[in-house]
2 protein chains.
Amino acid sequence: MSLNLQEKILRAASELFYSQGIRATGVDAIAKAANTTKMSLYKYFMSKDDLVLAFLRKRDEDFRVWFVDQVDGKADTPKARLLAVFDVLDEWMATPEFRGCAFINAAAEFPLAGNSVLQVSAGFYDHFRRYIADLAEQCGSKSPESLALQLSLLLEGAIVSEQMKRHSGSAEQAKQAAIILIEHSIIDIPDTSLPTSNPGEQQ
Amino acid sequence: MSLNLQEKILRAASELFYSQGIRATGVDAIAKAANTTKMSLYKYFMSKDDLVLAFLRKRDEDFRVWFVDQVDGKADTPKARLLAVFDVLDEWMATPEFRGCAFINAAAEFPLAGNSVLQVSAGFYDHFRRYIADLAEQCGSKSPESLALQLSLLLEGAIVSEQMKRHSGSAEQAKQAAIILIEHSIIDIPDTSLPTSNPGEQQ
DNA sequence: ATAGGAGTATACCGATCGGTATAGTCTATT
DNA sequence: AATAGACTATACCGATCGGTATACTCCTAT
């Protein structure tokens, strides 16, 4: 009934993992939250680790789709979208459920080097940076990859900053910084000691 | 013998908390790592939570002192120090023990709103930003607070980025961005008005 | 009608969790 | 020599952890 039991379990787990932390969430609590039993849970997921990875992989997909949709709905030129990213960020962080970035949090909870959790988390930000880099390229950035990395640093920084202390204006400052960096990356500015290994084309 | 037993326990706990995560570290493991017993541990610390807070508070003090020392040793003008911050960051991140920021990680593990862990973590970055803001003011920034927040966003972003994926050049890009932001904040430029969503005139 | 699969209910497993009780060892001071 | 306090050793507590075994109730497809 209602919906796929597997999906119900995954949803319940996702909500608990994100709101309370992964290690702090037991499988009993997940089963109860999904209105089912551990037996069914283990029918669809080999182990808790398996469930954790399913959570992260789904979130990887869902969150990026949601985010891009939000950005696209706010602006329609590449440059405006690059800035709209920070407006979406701001709105997301104002949400009462906001509890930081699920991937950053997961990485903090599973620090072992080769961990799958770490890999999925890194993958998320790879994808995200690619999205930013594409936008950067479309608005004529001289170094889209660099700009994308810089902007994503601001974004990640704002997230963790807001996580530790709410409503401290992280998103606004991140946007202000982004404006400067974007302009600087687009406009032809010679100096400011930023060679960025740009061969030729200088003049 | 050797040194204060209390301090030995705290040291062992700190190392385990940072390298493996707080929730992943049991008190038995701490006692064993400190070459003592749980009984002694509970003589000096009321509870594990107490030990966690002691860890964070000590790290708050120690890390900032260490960081400022490192920066001071690298440069002696405010502006140069503002940039040296990112060199110290880079060296720290290259360390094999690097596992991200203890406070960001702790905040990820203890997400409940009023949690003491969250408060100590927020306090750390308040102090840190004050340090940056002082440097910013000394080099004639027009808005030291804004610049300090922006730079600290870059810094925190670089930390979590490096945590998820090592050696991806986060610190270098953070520094490049910092150079631009610092110059922009010092040089006499009207204001950081939005070039794109500019509603109209700007006196 | 009946067999099989989906899902439930519940009890259990060994291990570990944070934390405590009790008894004993050691050393320094008196 | 006696005492006291710091520290150890060890066993224990109830609770919870991730995970499993068994038996049950359904519903559906043949």
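Reminder, nothing fancy here: chain letters follow the sequence lines and each chain counts from 1. Hydrogens, waters and symmetry mates are skipped; everything else that's a heavy atom, side chains included, is used.
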N or O in side chain of K38(A) less than 4.0 angstrom from dG19(D) OP1/OP2
no
N/O (side chain, S40(B)) to phosphate O (OP1/OP2, dC7(D)) under 4.0 Å:
no
By nearest-nucleotide position on DNA chain D, the 5'-leaning member of G26(A) and T36(B) is T36(B)
What is the distance, to the nearest angstrom, from the CG atom on D28(A) to the P atom on dA11(C)?
14 Å
Quick one: R23(B) CZ to dG18(D) P, roughly how many Å, whole number?
12 Å
Rounded to the Å, how far apart are Y42(B) OH and dC12(D) C1'?
14 Å
Just the rounded figure in Å: distance from C1' of dG19(D) to CG of L51(A).
13 Å
Could you please name the option among dG19(D), dC7(D), dG19(C) that lies closest to any side-chain atom of L5(B)?
dC7(D)
Please determine whether a side-chain nitrogen of the Lys or Arg among R130(B) and E145(B) lies less than 4.0 Å from a carboxylate oxygen of the Asp or Glu.
yes
Separation of dG18(C) atom C1' from M46(B) atom CE, nearest Å, is 13 Å
Counting the benzene-type ring for Trp, do W92(B) and F86(B) have ring centres under 6.0 Å apart?
no
Under 3.5 Å, is there a donor-acceptor pair between the R129(A) and S152(A) side chains?
yes
Test the R64(A)-Y131(A) pair against the cation-pi criterion, namely NZ or CZ under 6.0 angstrom from the six-membered ring centroid and within 45° of the ring axis.
no
What does Y44(B) touch in the nucleic acid at a heavy-atom separation under 4.0 angstrom: a base, only the sugar-phosphate, or nothing?
sugar-phosphate
Mind checking N35(A) for me? I need base, sugar-phosphate or nothing, with any heavy atom below 4.0 Å counting as a touch.
sugar-phosphate
Can you tell me the distance, in whole Å, between the CD1 atom of I30(A) and the P atom of dC17(D)?
10 Å
Please give, in whole Å, the distance from dG5(C) P to M39(A) CE?
15 Å
Short side-chain donor-acceptor distance under 3.5 Å, Q173(A) and S146(B):
yes
Rounded to the nearest Å, what distance is computed from the NZ atom of residue K48(A) to the P atom of nucleotide dT16(D)?
15 Å
